[in-house]
Amino acid sequence: SLASALSGVFGRLRKRGRLSESDVDEFLREIRIALLEADVNLAVAKQFIARIRERAVGEHVIESLTPDQTVLTIIHSELTQLLGSEPVRFNWSPSPPTVIVLCGLQGSGKTTTAAKLAVWLKKQGKSPMLAACDLQRPAAITQLKVLGDSIETPVFADFDSKDPVSVARRAKQECSRLFRDVLILDTAGRLQIDEPLMQELAAIKTELRPDEVLLVADSTTGQESTQIAERFDERLSLTGLIFSKTDGDTRGGAVLSMRAVTGKPVRFVGIGEQTDALEPFIPDRFAQRILG
Amino acid sequence: MLGRGIVDEQLFDDLEDALTSADVPVRVVDSILESLRERVRADRLRDAEDVRRALKEEIAERLRDARSQLRRAETAPTVLLFFGVNGAGKTTTIAKVAQMLMERGERVILAAADTFRAAAIDQLEIWASRVGAEIVRAQPGGDPAAVVFDAITAAKARGIGYVLADTAGRQHTKTSLMSELEKIGRVTEKALGRKADELLLVLDGNTGQNAIRQAEEFARVMGVTGVVVTKLDGTPRGGAVLGIKQSLGIPIKFIGIGEKPSDLKPFDADEFAEALME
Ligand SMILES: Nc1nc2c(ncn2[C@@H]2O[C@H](COP(=O)(O)OP(=O)(O)OP(=O)(O)O)[C@@H](O)[C@H]2O)c(=O)[nH]1
Ligand SMILES: Nc1nc2c(ncn2[C@@H]2O[C@H](COP(=O)(O)OP(=O)(O)OP(=O)(O)O)[C@@H](O)[C@H]2O)c(=O)[nH]1
Ligand SMILES: [Mg+2]
Ligand SMILES: [Mg+2]
């Protein structure tokens with residue numbers, strides 16, 4: 001863990017006698033390793049470390065009795081702050097339905113998250129509807145329908161359409177017709193570098209003018225996290241991030257990286273495969289995890 | 001990436017950043033750069049281009065493996081078991097491997113042993129019909145091991161050369177799910193009279209350091225004879241496999257480069273090293 005690495009550094013330094021300002025670099029080296037091993041993006045890690053150095057020097061950490069503990073406290077507070085302390089707050093539409101679009105890379109967990117969101121919203125007293133706008137993946141529509149049935153939530157689907165924008169438009173109309181107050185759109189996984197598919201997503205957004213555009217990202221994502229988040233954000237103006245598969249043992253540096261580079265709030269984390277496995281994001285808990 | 005001509009400390013810093021940004025584990029980056037410095041000294045390399053080429057060769061060398069070929073059993077059917085964490089690309093990879101085998105004139109049975117996830121069987125059925133493979137399936141919620149057993153029995157009875165078994169995605173940290181996978185392995189062994197011919201870990205190319213944890217756990221519980229790295233048509237460079245190869249010695253068999261049945265390439269260490277250093 002980082003705590004033991006830092007105390008190891010302190011132990012070594014203390015043997016050499018009085019600590020000096022340049023000894024801060026020894027701590028920073030351990031922090032860099034910890035962040036990279038946690039999948040924090042390199043550029044984000046460098047910025048973060050620069051900030052830690054600033055505070056370590058400014059707060060005369062070297063003069064403290066236990067500089068390793070002091071540095072750890074600084075890191076924890078900076079991390080928690082960066083991860084964001086905003087509570088989960090949806091952008092409810094003044095005129096229903098509130099429209100939520102889920103997007104992201106292939107296999108990131110969008111379809112399952114759509115169902116999980118519906119369950120969460122129902123607990124908040126909402127009456128959601130799901131829309132199957134992935135017309136590309138084999139049995140994607142069936143997958144959402146099966147999930148919808150399992151959580152007693154209507155699913156708008158068109159098995160014959162090849163036009164996701166048209167399905168989206170009709171889903172919204174149907175949603176209003178049935179007096180459902182939230183529409184959750186599942187979309188096909190796509191690469192952030194796939195121009196036609198990113199354009200398709202932008203077209204869905206133009207058509208629906210959604211209240212929320214949420215990137216569903218795999219919490220095990222490595223160094224490409226910032227590239228992925230930045231491209232989706234610049235094309236769509238994301239309103240938030242959801243990280244799936246946090247029930248594994250990934251350290252989750254992608255969470256810090258995507259949050260840092262977009263400034264968008266982390267709304268939820270997926271904690272399992274079941275439709276009730278979705279939790280509002282808790283920055284403090286995640287900060288601990290990233291530090292190992 | 002390397003515009004400068006001379007070989008200096010800045011060059012090595014740039015290379016360190018490039019490897020790190022490719023998801024190569026920290027310890028492995030250090031070890032690679034150490035070997036590289038040795039090469040630069042021994043071969044008296046003076047030009048950044050030569051150093052770049054040496055680095056590519058260093059990476060390729062670490063990944064090259066004679067066992068990257070797909071195994072073929074002496075006694076049919078050859079059984080390939082696919083497993084890995086959720087959403088890695090197992091089901092789609094099976095469609096791709098089936099297509100590849102059928103293009104070689106083989107007959108293939110797909111075993112729909114993901115009996116858990118919504119529409120998993122539907123998804124594999126569509127792939128089976130698209131590539132022209134047969135499928136053995138059961139009711140959703142059924143015993144996955146029984147599906148694999150039935151598929152092997154059918155293949156033996158009808159002289160079909162290959163069984164490709166799909167399994168449900170699972171986190172390697174979930175003991176009960178890992179025991180379920182282990183049971184699938186044991187039942188396969190019972191049906192076949194030997195272990196599955198390939199135990200293939202499917203790994204999402206976007207994954208960071210957790211890829212190594214996944215490989216460790218699946219290797220510990222099941223044994224892993226090969227890795228398939230998917231989604232390399234995206235921007236990730238898959239450097240975590242250098243960590244897997246270094247600590248576990250598992251060869252990479254294929255890479256996935258898209259969502260169509262033809263989007264599968266046999267692993268090529270030089271191409272992989274080239275792409276990693278992009
Ligand atoms: N363990 C775990 N599995 C998850 C979580 N979220 C989703 N999954 C699983 O991840 C896999 C992929 O989920 P999907 O919902 O199909 O992903 P997707 O983004 O819709 O995939 P595409 O439509 O192909 O892009 C499935 O096996 C899900 O059950 C999570 O939080 N934890
Ligand atoms: N771009 C790209 N997408 C891929 C590749 N391989 C698989 N996919 C996509 O990734 C998504 C998930 O693929 P699946 O085959 O369903 O993954 P899985 O491991 O079977 O998922 P679970 O069974 O839910 O655990 C699908 O949208 C696939 O089309 C690849 O090499 N490149
Ligand atoms: Mg989906
Ligand atoms: Mg599957």
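Predicted model, so just to flag it, every value in this text is computed and none were measured. Note that these values count all heavy atoms, side chains included, but never hydrogens, waters or copies made by symmetry. Just so we're on the same page: letters track the sequence lines, and every chain starts at 1.
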Can you find a pair of side-chain heavy atoms, one from [X] and one from [Y], that are under 4.5 Å apart?
| X | Y | value |
| --- | --- | --- |
| A:Arg251 | B:Gln209 | no |
| A:Thr220 | B:Asp204 | no |
| A:Lys245 | B:Gln171 | yes |
| B:Asp17 | A:Lys46 | yes |

Non-hydrogen atoms of [X] and [Y] that approach each other most closely:
| X | Y | answer |
| --- | --- | --- |
| A:Gln223 | B:Asp23 | N-OD1, 2.8 Å |
| A:Pro138 | B:Ile126 | CB-CG2, 3.8 Å |
| A:Leu42 | B:Ser21 | CD2-OG, 3.7 Å |
| A:Glu224 | B:Thr235 | OE1-OG1, 2.8 Å |
| B:Ala119 | A:Ala139 | CB-O, 3.9 Å |

If I measure from the heavy atoms of chain B, does [X] come under 4.5 Å with its side chain, its backbone, both, or neither?
| X | value |
| --- | --- |
| A:Arg137 | side chain |
| A:Ile193 | side chain |
| A:Lys145 | neither |
| A:Ile228 | side chain |

Under 4.5 Å from any heavy atom of chain A, what part of B:Pro25 do you find: side chain, backbone, both or neither? neither

Which portion of B:Glu259 sits near chain A, non-hydrogen atoms under 4.5 angstrom: side chain

Tell me the residues of residues 147-162 of chain A whose non-hydrogen atoms fall below 4.5 Å from those of chain B, in number order. A:Leu147

For chain B, which candidate among A:Asp218, A:Ile33, A:Asp39, A:Asn41 shows the most heavy-atom pairs at distances under 4.5 Å? A:Asp39

Counting heavy-atom pairs under 4.5 Å to chain A, which of B:Arg130, B:Glu217, B:Lys231 comes out on top? B:Lys231

Using a cut-off of under 4.5 Å for heavy-atom pairs, which of B:Thr207, B:Leu124, B:Ile212, B:Val85 has the most such pairs with chain A? B:Thr207

Less than 4.0 angstrom from a charged side-chain N to a carboxylate O is my criterion; do B:Arg170 and A:Glu273 meet it? no

Contact listing (chain A partner; residues 172-181 of chain B; heavy atom under 4.5 Å): B:His172, B:Thr173, B:Lys174, B:Leu177

More than 12 heavy atoms from other groups under 6.0 Å of CD on A:Gln47: no

